[in-house]
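Below is one structure, written out as structure tokens; comments come after it.
Values in this document were obtained by computation on a predicted structure and should not be read as measured data. Here is how names work: the chains are called A, B, and so on, in the same order as the sequence lines, proteins then strands, and each is numbered from 1.
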Amino acid sequence: MAEELFTVTEAPIPVEDLVKKVERPEAGAITTFIGTVREWTKGKRTEYLEYQAYVPMAVKKLAEIGDEIAEKWPDVKTAITHRIGRLEISDIAVVIAVSSPHRKAAYEANEYAIERIKQIVPIWKKEHWEDGETWIGDQLETTSYPKGKPNIEEERKR
Amino acid sequence: MAEELFTVTEAPIPVEDLVKKVERPEAGAITTFIGTVREWTKGKRTEYLEYQAYVPMAVKKLAEIGDEIAEKWPDVKTAITHRIGRLEISDIAVVIAVSSPHRKAAYEANEYAIERIKQIVPIWKKEHWEDGETWIGDQLETTSYPKGKPNIEEERKR
Amino acid sequence: MITVLFFAELQEQAGKPQLELELGETTVRELKERLESTLKITGLNRTMTAVNEEYALDSDAVKTGDTVAFIPPVSGG
Amino acid sequence: MITVLFFAELQEQAGKPQLELELGETTVRELKERLESTLKITGLNRTMTAVNEEYALDSDAVKTGDTVAFIPPVSGG
């Protein structure tokens, strides 16, 4: 991508940069999703997070999500940046920006992007709590990955 | 509002400012909606727009939308800024920022806000095309306002 | 005195954004009829009305000191 | 030579992010079994696998020059 619409970075993510990447004269609606580090999860206090990625594959999968969106919502343009490394409370971990002539598609495509990130993009989060740390797996909690064959066949059909 | 969560301004709207207004340690998701001036609408080219508002009432109604959201999604925090005056293509007319512990509510509340803006906030848009100009009324195109009594009773019940 | 505010297309029709009227207690409906006949405004029967920044019904009262705004279909966002 | 990559919890279990193996043509499944027995890694049967940055099945072939990454359940976003 000449414009680098899909990136993984160790630096803070400026939201305005993502907005500019998707801005177009034919777009009347831009939605952004900003994922931030939450302090409290089910009564447990997070001190900080650590994100790790399989960077080249993560970038490729983010771009694939962009392709899927372009197929489902042809007038939509998408940009995604995910941050990795150590993140403090309220730091921005991911920004998804979507532009569209009309707002409905901008909301739908944006929500689709975050769902897909949580399914297919090789990025992992380690929670550091007051009393310990752990790698968080499968936020969707819908797949158990029996036999290491999740939805590969399904993914290949997309 | 001490923080001025709901404002009408003649100046450009910095998206980051709105994001900062709703950022909280308990929020893991922030959505923004950015309404921009679209060049093409149904094959007709817009040269620029002019927004007019009944400012004190518009601010009050924006705050009311915030209250409605807080009632429907108790963990959500909302900020809205609408710009008025002359706007060029791609200029930002409105920014809605919503923060929430979880993403679903952040999307839903944000979309609710833009729908309500288009229903109850006294702001008007004048389109300037190559070949003329006109005030745009009722983008939802669902109400005909017979006898000047739209949904006042319904609004009062909210 | 009652303050009357016009916006958008109505403002252009009225040729001014606001005017003051010396009137006793009246209703939104009577005020609309009066303005349609004295100014050359049409379509007031299709617009919403706000009295003191709150949407009002045609049957609502208007009294001295009130601000009455006519609100054409809105198009913000 | 086959390059093997570990991430997240698996990386901590393996004690390193990557290793190189001199192997003839094999499959993802055979590679998993081999690594579970040579390194002290558990749970490979529950992880996804990518061969050359594409998700792969356990039955897929792995040959010299390939990069095989084990992908625990992801948690980005």
Looking at [options], which makes the most heavy-atom pairs under 4.5 Å with chain A?
options                             : result
B:Ile114, B:Val37, B:Ile92, B:Val19 : B:Ile114
B:Pro14, B:Ala27, B:Ala97           : B:Ala27
B:Val98, B:Asn110, B:Ile89, B:Ile96 : B:Asn110

Heavy-atom pair with the smallest gap, counting every atom of [X] and [Y]:
X        : Y       : value
A:Asp131 : A:Lys44 : OD1-CE, 4.0 Å
A:Ala29  : B:Thr36 : N-OG1, 4.1 Å
B:Ser99  : B:Ile30 : CB-CG1, 3.8 Å

Problem - Pick from A:Val94, A:Val15, A:Thr32 with the largest number of heavy-atom pairs that fall under 4.5 Å of chain B - result: A:Thr32
Completion exercise
Pair count under 4.5 Å, heavy atoms only, with chain B: among A:Phe33, A:Tyr107, A:Trp40, highest is A:Tyr107
Exercise for the section: Please flag which part of A:Glu23 lies under 4.5 Å from any non-hydrogen atom of chain B: side chain, backbone, both or neither. Expected result: side chain
Problem - B:Arg38: partners by side chain to side chain contact (heavy atoms under 4.5 Å, CB included), with sequence neighbours left out - result: A:Pro101, A:His102, B:Thr41
Problem - Partner residues of B:Arg86 under the side chain to side chain contact (heavy atoms under 4.5 Å, CB included) criterion, sequence neighbours left out - result: B:Tyr48, B:Glu88
